[in-house]
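Just below is one structure, and these are the notes that go with it.
It should be emphasised that the depicted structure is a prediction, and the values quoted were computed from it without experimental measurement.
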Amino acid sequence: MNAAPRAPLWPGIVAAALVTAFAVAFMWAENEWEVVGVLAAALVAVLVARRTGWLAPAARAFEMREPAMNCVTIAALLVFVAFFHDDHFPLLMVGTVLVYFTVCLGLTIQFGYAGVLNFAAAAFLGTGCYTAAVLSAHTSLPHLLVLAAGGAVAALVGSILILPVLRTRGHYAAVVTIAFGLLFRTFLEVNDTLGGPQGLKLPSMNLLGMTFNDNFIVAGIEFSFYMHYVLAALALAVLAFAVTRRLERSWIGVSLDAIRLDETAAACFGIHLARWKIVAFTLGNFMAGAARALYALMLGFIAPTNFTFGDSLVMVSIILLGGIGNPWGAALAAALVVVLPEKLQLIQEYRFLLYAAMVILVLLYRPEGLLPRPLRNYLPGWRPR
Amino acid sequence: MDAGLLAQFVANGLMLGMMYALVAVGFTLFFGVLDVIKFSHGDVLTVGAFTGYSTYLGLKLLGVANPWLQVAAVVIVACAAMALLGALIAKYIVMPLKGAPALNVLLITLMLGTVLRESVRLFYPDGANPKRFPRLLPTDAVALGSFNLRLDSVLLFLGGLAVIVAIHVLINRTKLGLAIRAVAQDEETAKTMGINFTLVVLVTFAIGSAAAAFAGVMNGLYYNEINFGMGLWLGVIGFSAAIVGGLGNIYGAILGGFLFAALQTVGAVALPFASAYKDVFAFAAVIAIMAWRPTGLIAERTSERV
Amino acid sequence: MSAPVLALSGLTRHFGGLVALDALDMRVERGQIVGLIGPNGSGKTTSFNVLTGIYAASAGRAEFLGRDITNLRAQAVYEAGIARTFQRSRLCLPLSIFDNIMVGNHKRLARGLWFNLFRRAALRAQIEGAFEEARELVRVFDAPLADRMFDAVGALPMIDRRRIEICRALISRPQLLLLDEPSAGMTEEETRELMDDILEIRGRIEGLSIVIIEHEMGVIERITERCVVLNFGRKIAEGTYRQVAAERQVQEAYLGVE
């Protein structure tokens, strides 16, 4: 079947190496001028590469040699974290980005594929976290199962909303989820058993006898304790990415797209709208809940203020900015949205405002986002004769 | 529960219902003329309340101490400013989106609401903290048994009623109202009849936004506190009320507003465990109603051409 | 004698006080092409919508190959073997030609979550098989189009979209194809091409029956064996094109002569 010559791998590797180098430089930048300088340099580099056509072979490598390039990407990330192996802050950032990325993959399945609006992301994230907090405080359940339970309970709580979400459309569905998000936050604040406005503390994560909250030494090199969490978050993100990708590139992906784009036509070709919307909604909430539960364990603390309407909107902003339905877009946007305000303390306070303004601009002038979703590439590298 | 406390709850419920109705009327008017939902409506209310508050501070600086003058100025400035803001939003954000996918309109207006809300939080002096809204109306009270009927509540309620009656008269008895109804019914025909479509839309948005500003000031005067998040709540509730009553129908919106307040009141009075959960109860009721009647109690007429 | 492919008796649909479809009786025999004609708003599309489960029937009965399909859900009607196109093309514009045709192929593809996520090798074989089949089908309509299976439908001209829409309906090998004004928005030349394609397809697929809604009388005359004329939701004439065209009632409905 692979009659066409294989695209060369090296442009992809070079691109990944350059991005890694940029990320290291960016993380290293101390003051805001350096940060802005590194950003400007990267922007110029991307524009130049696009003009000269150097971007195309790299894009081709990512498209045609996908399994290999996925490995290269993971390797690049590992190189990055190895660089900062004893430095808490960059590792915390990487962990955060990976968790946001995973959450947004869940939302991509719901909103980007099935077209199910979810403005209550924070409620499902919160459900996952509070479940993890209660389970890790009161039971001796292994922490891997605690994460799974966080996802499962988030999916279960989501099932309360399934009926109204399925029956309503458009604006009405939006209000259902917004109302649920507000309801959840209020509930947390008045419920004393869950800590009320003060929230709850979470213990260190434990996995296979390792206590995640201690620094550790391998071969004489000391690693930050965050390294544990980064690797766990990476594992989760890779898993979620694989599921999302496979879902999109299967007949289910076609059905979800058809449902999003035209429900009536989809129904006329035998596609069960309710079934696939439920699958997408539940799967998305599970992924979001489990990932955010890991994040809660990493930070060791949760409170109702982590799960506001603004937090739901941030997640929606990420997938819109990145390009609806494109996992790589979500990754890029998650990195920008998480890291930029942290490095540029100046804008930290204004981040909700900036996200909102950015989404308005993107929707008005580039509705397909930073990295528009490409057409379905069923079998990477497959070109029919 | 004794009768006095019950009466207190009912009075409070009526007041809330009036505010919700004022917000819901806006949603319904906008939907009528443009078939869009403007999710930033609630945050326009917030901005209105803060504008009113600033007006009060300004008057104090100028040495105007007469409370009646203060109230009048607060209401007029807040309503006028929000009418202008509403018209601007309509002109530069909502109208250019005509024909765009409903989802984009929804997201853009939602994000616009965030921009307004965050702007208040960040740029209003100490905007992140609740502000004490002054008591400007006389607080004399008549004791009816153990229930104190306060004059300011009565005045506020009457004020809200007056606004709603005014909108009613405007829509049903004036040429402008006729134009609004014509556009709501059939935009194309209205245009061919020589109605200035853009003007009608802008005026409608101005009226709806002014009503929201009034509700915001009313909320401030009643609770003596305003904060940057108040509009999100009132907006979601107002929208739910508009839907529950059936979008596009003013009387439905009014009915929906009072119905929602009644739900909250029942939640506060009758929930056995804690009245702290009254909002949880009310939102749960909204979700349940939408599950039961996905397009509102008085169903909106939609027909899709296949 | 075997049951007709489609037998409608007294099929009715009200919208409030309006009777959009009034007691329609109609039969389609195996292999026939039947035209459904009438002025705008005469209930043609409504009859398709009732038949395919988009609207519920207010009264009456629809039988498909002797089986009662009245008020089945849209999904079940498709599973039974009826596929349709829409008056206003309802393709998924951002998706590729192949994706769109696969939407129509739903009943012949594996739809289990486990299969789709974890049986990649089997899925791969299915994708390759389905692709060959879809490309063959598209080739019947337009050979160059068959080389562009991974182009977005949104970039195609109207005639190609119509072709894709018909392919989407045919890929599941239905027994009955409902075409809702396939010539809408196309030039005379394009319409003729499309009708050639439809006749060729009919010749290739054993026993395929077609009901076609059309405004172009030339099309009706050329490709239908029989036609049914509706006006105000009612059947006012039935027969070959020449027979119905000669009827006074039909001329009145179309020309408005008293």
Region of [X] that comes under 4.5 Å of a non-hydrogen atom in chain B:
X	value
A:V316	side chain
A:F309	side chain
A:L161	side chain
A:V359	side chain
A:L117	side chain
A:A174	side chain
A:L320	side chain

As a test of understanding, state which of A:F124, A:F307, A:F119 forms a ring pair (Phe, Tyr, Trp, His ring centres under 6.0 Å) with A:F180.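 Going through the options one by one, the only one that passes is A:F124.
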Salt bridge check, A:E349 against B:R121: does any charged N sit closer than 4.0 Å to a carboxylate O?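 Yes, charged N to carboxylate O under 4.0 Å.
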So, are A:D257 and A:R373 salt-bridged, with charged N and O less than 4.0 Å apart?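 Result for this pair is yes, salt bridge flagged.
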Is there a donor-acceptor contact under 3.5 Å linking the side chains of [X] and [Y]?
X	Y	answer
A:N285	A:T282	no
B:S119	B:Y124	no
B:E118	A:Y355	no

Side chain, backbone, both or neither: which part of [X] has a heavy atom under 4.5 Å from chain A?
X	result
B:A288	neither
B:I108	both
B:L112	both

Do you know which of B:I93, B:L97, B:I37 has the most heavy-atom pairs with chain A at a distance under 4.5 angstrom?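 The answer is B:I37.
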Below 4.5 Å, heavy-atom pairs only: which of B:L107, B:V286, B:V105 has the largest tally toward chain A?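 Ranked by heavy-atom pairs under 4.5 Å with chain A, first place is B:L107.
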Heavy-atom pair count under 4.5 Å with chain B, highest-scoring of [options]:
options	answer
A:T177, A:L182, A:L166, A:L183	A:L183
A:L163, A:N191, A:I160	A:N191
A:S317, A:A265, A:A179	A:A179

Hey, would you say the B:F205 and B:F30 ring centroids sit under 6.0 Å apart?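 Ring centres of B:F30 and B:F205 closer than 6.0 Å.
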Are A:Y350 and B:F123 near enough that their ring centres are under 6.0 Å apart?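 Ring centroids of A:Y350 and B:F123 are less than 6.0 Å from each other.
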I'd like to know if the side chain of B:E225 and the backbone of B:R132 have a donor-acceptor N/O pair within less than 3.5 Å.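 No: the side chain of B:E225 does not pair with the backbone of B:R132.
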